[in-house]
**Student:** 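My questions will all concern the structure given below.
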Amino acid sequence: MSKALSCFTLLMFMFMACGFLYRIFNVQPFAHFQWPLPPAPPSFSPISPADVLRDGNGIIFIETTDKMKPPSLVLCAIESAARVYRHRPVVFFMEGLRDITAMRDALKRLPTLSSFHNVHLFPLQMERLFHGTPLGPWYEKVNPEREIYWTHVSSDGCRLALIWRHGGIYMDSDFISMRPIPDVNFLAAQSSDVSSNGIFGLTPQNTFAWKGMESFVQNYRGAEWGHQGPQLFTRVLKQYCITLRFQSTEDVKCGDISFLNEMRFYPIPYPSWRRYYEVWQNVPKFNDSYALHLWNFMNKEQETMVPGSNTLVEHLYQLYCPTLYGALKRNESIYG
């Protein structure tokens, strides 16, 4: 009996002690059994194209296929632009980039570009890009599967919409930049009286880009090669200039737009595109040019730069995209 009483007394004492301690320290029952909550993952707030291109002076490239391994000429074009325009953003919009994770990892897969702080990759989202522009209704109705030149026609539309939204310079990915283009609003002569749409620069929301998008839709002929590109630019430019003829190597002023002489970007015309892949006894300096167009669309034979070939294109790689050239010369992979 005495043992039972002693046990009961001890239990009562322990119960009262626990209650006393709880009231003093406000200890939560079983608190020591609760696992600490894991720290919240750091929030990832990806920058947007609008953030990067907010100053209206970016250099823009696009890829309208889902290819994620650009050929060396594309990588050279981007690297050369990043070097020439080192204080300006160089942005590559890629159809193959689907989500933020891919966007964050994409530059790691292009090691020759990953060291350039001003190079950015973003998904090319056409529906969002065209929304609120004359191209929006067209894009909703067009059937890409029935378009002969969809890759090129969609690219023609994208460059107009991108430059209208963000301003800056658009370049096809077969231009090798050599020196800065001094003009802000400019088009480039492909021949004496035909404007290229492969390279041009405009301020954001420039009237020319808007008129270009309107003409794109109103006069749409996607099955006619060049109609949505150089021919469109030439049609709209003629609203600004009666004559597009040049005097020697001088440029022509059309309102607030400079129409740059063909020597600025096309010193080697398209019938002679193979000259870039030939050995020259005297390598030209192209002093009148800002960038060189290598006419990749004409290159059906898929000529490439070969280290040690002593061709003109090898000299251009050495001078204007040396990081890429070094990797190719060392036989390193240019894809991560």
Side-chain angles (χ1 to χ4, degrees), residues 43-70 74-75 77-110 112-136 138-140 151-175 177 180-181 184-186 197-210 212-213 216:
S43 60
F44 174 66
S45 301
I47 57 175
S48 69
D51 296 327
V52 172
L53 297 169
R54 63 184 178 275
D55 292 332
N57 66 346
I59 316 300
I60 294 175
F61 297 89
I62 60 177
E63 174 57 66
T64 54
T65 73
D66 59 1
K67 294 178 182 177
M68 291 300 295
K69 291 186 175 182
V74 174
L75 297 177
I78 297 172
E79 179 182 336
S80 66
R83 290 179 179 276
V84 170
Y85 303 97
R86 64 186 63 188
H87 300 300
R88 298 166 65 172
V90 177
V91 179
F92 190 22
F93 289 91
M94 304 179 76
E95 174 73 15
L97 282 177
R98 302 298 182 187
D99 52 41
I100 289 177
T101 302
M103 184 176 72
R104 294 170 67 186
D105 295 339
L107 262 180
K108 298 177 183 177
R109 301 173 189 169
L110 303 175
T112 62
L113 295 179
S114 60
S115 63
F116 292 92
H117 72 280
N118 59 335
V119 173
H120 305 267
L121 273 57
F122 287 108
L124 179 61
Q125 300 170 324
M126 294 190 198
E127 184 175 2
R128 179 178 296 182
L129 173 63
F130 294 151
H131 180 74
T133 76
L135 298 176
W138 164 80
Y139 185 72
E140 292 176 359
T151 298
H152 303 281
V153 167
S154 59
S155 176
D156 291 334
C158 286
R159 66 191 68 181
L160 279 167
L162 283 166
I163 292 297
W164 181 80
R165 287 192 183 282
H166 303 295
I169 296 174
Y170 168 82
M171 292 187 188
D172 277 348
S173 53
D174 54 353
F175 277 90
S177 296
I181 302 167
V184 175
N185 292 317
F186 73 90
N197 76 329
I199 185 167
F200 64 100
L202 296 169
T203 50
Q205 286 81 56
N206 190 281
T207 303
F208 183 93
W210 189 265
M213 290 187 287
F216 186 102

**Student:** E63 and K67: salt bridge (Lys or Arg N to Asp or Glu O under 4.0 Å), yes or no, with the steps?
**Tutor:** CA-CA 8 Å; E63 174 57 66; K67 294 178 182 177; 5.9 Å; no

**Student:** Identify the two heavy atoms, one from I59 and one from A81, that lie closest to each other, and give their separation to 0.1 Å.
**Tutor:**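 Closest heavy-atom pair between I59 and A81: CG2-CB, 4.2 Å.
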
**Student:** Between L97 and M68, does the side-chain contact (heavy atoms from CB on, under 4.5 Å) criterion hold? Intermediate values first, please.
**Tutor:** CA-CA 8 Å; L97 282 177; M68 291 300 295; 3.6 Å; yes

**Student:** Under 3.5 Å, is there a donor-acceptor pair between the side chain of R159 and the main chain of S155?
**Tutor:** yes

**Student:** Do M213 and W164 make a side-chain contact, defined as non-hydrogen atoms from C-beta onward lying under 4.5 Å apart?
**Tutor:**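 They are in side-chain contact.
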
**Student:** Return the minimal non-hydrogen interatomic distance between G157 and L135, and the atom names on each side.
**Tutor:** O-CD1, 3.4 Å

**Student:** Counting only N and O atoms by type, is there a donor-acceptor contact under 3.5 Å from the side chain of Y170 to the main-chain atoms of N197?
**Tutor:** no

**Student:** Kindly indicate, with the supporting measurements, whether the criterion side-chain contact (heavy atoms from CB on, under 4.5 Å) is fulfilled by F130 and C158.
**Tutor:** CA-CA 8 Å; F130 294 151; C158 286; 3.8 Å; yes

**Student:** Using side-chain heavy atoms (C-beta onward) and a distance below 4.5 Å, is S114 in contact with K108?
**Tutor:** no

**Student:** Side chains of M171 and S177: does their closest heavy-atom pair fall under 4.5 Å?
**Tutor:**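 M171 vs S177: side chains touch.
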
**Student:** Return the CD1 to CZ distance between I163 and F200, rounded to the nearest 0.5 Å.
**Tutor:**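 Output value for this atom pair is 5.0 Å.
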
**Student:** Can T203 and Q205 be said to form a side-chain hydrogen bond (donor to acceptor under 3.5 Å, both in side chains), step by step?
**Tutor:** CA-CA 6 Å; T203 50; Q205 286 81 56; over 6 Å; no

**Student:** Taking G167's backbone N and O only, do any of them form a donor-acceptor pair with N206's side chain (distance below 3.5 Å, no angle check)?
**Tutor:**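 Checked: no pair found.
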
**Student:** Compare every heavy atom of S80 with every heavy atom of F175, then report the nearest pair and how far apart it is.
**Tutor:**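 That would be O-OG, 4.2 Å.
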
**Student:** Could you tell me whether the side chain of F216 reaches within less than 4.5 Å of the side chain of D156, counting heavy atoms only?
**Tutor:** yes

**Student:** side-chain contact (heavy atoms from CB on, under 4.5 Å) between F122 and V91: does it pass, once the steps are laid out?
**Tutor:** CA-CA 7 Å; F122 287 108; V91 179; 3.5 Å; yes

**Student:** Any chance you could measure T151, atom OG1, to D66, atom CG, to the nearest 0.5 Å?
**Tutor:**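 The distance works out to 9.5 Å.
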
**Student:** I need the L124 CG to I62 CD1 distance, nearest 0.5 Å.
**Tutor:** 6.0 Å

**Student:** State, yes or no, whether a side-chain contact exists between Y139 and H131 at a heavy-atom distance under 4.5 Å.
**Tutor:**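 The answer is no; the side chains never approach within 4.5 Å.
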
**Student:** Nearest 0.5 Å please: distance from the CZ atom of R109 over to the CG atom of L121.
**Tutor:** 10.5 Å

**Student:** Let me confirm one number: the CG-CD1 distance from L110 to I78, rounded to the nearest 0.5 Å.
**Tutor:**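 CD1 of I78 is found 7.5 Å from CG of L110.
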
**Student:** Considering all heavy atoms of both residues, which atom of H166 and which atom of L53 are nearest to each other, and what is their separation?
**Tutor:**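 So the two residues come closest at CG-CD1, 3.6 Å.
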
**Student:** Under 4.5 Å between any side-chain heavy atoms of F93 and L162, yes or no?
**Tutor:**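 Yes. Closest side-chain heavy atoms under 4.5 Å.
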
**Student:** Could you tell me whether the side chain of N118 and the main chain of H87 form a donor-acceptor pair under 3.5 Å?
**Tutor:**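 Judged by distance alone, no pair lies under 3.5 Å.
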
**Student:** Do H120 and V90 have side-chain heavy atoms sitting under 4.5 Å apart?
**Tutor:** no

**Student:** Kindly give the heavy-atom pair with the smallest separation between A82 and V119, and that separation in Å.
**Tutor:**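 Nearest heavy atoms, A82 then V119: CB-CG2, 3.7 Å.
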
**Student:** Could you please spell out the steps behind the side-chain contact (heavy atoms from CB on, under 4.5 Å) verdict for L160 and T133?
**Tutor:** CA-CA 10 Å; L160 279 167; T133 76; over 6 Å; no

**Student:** Please check: side-chain N/O of R88 versus main-chain N/O of Y85, any donor-acceptor pairing under 3.5 Å?
**Tutor:**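 Flag not set: sc R88 to bb Y85 has no pair under 3.5 Å.
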
**Student:** Specify the closest pair of heavy atoms between F92 and P70, including all atoms of both residues, with the distance to one decimal.
**Tutor:** CE2-CG, 4.0 Å

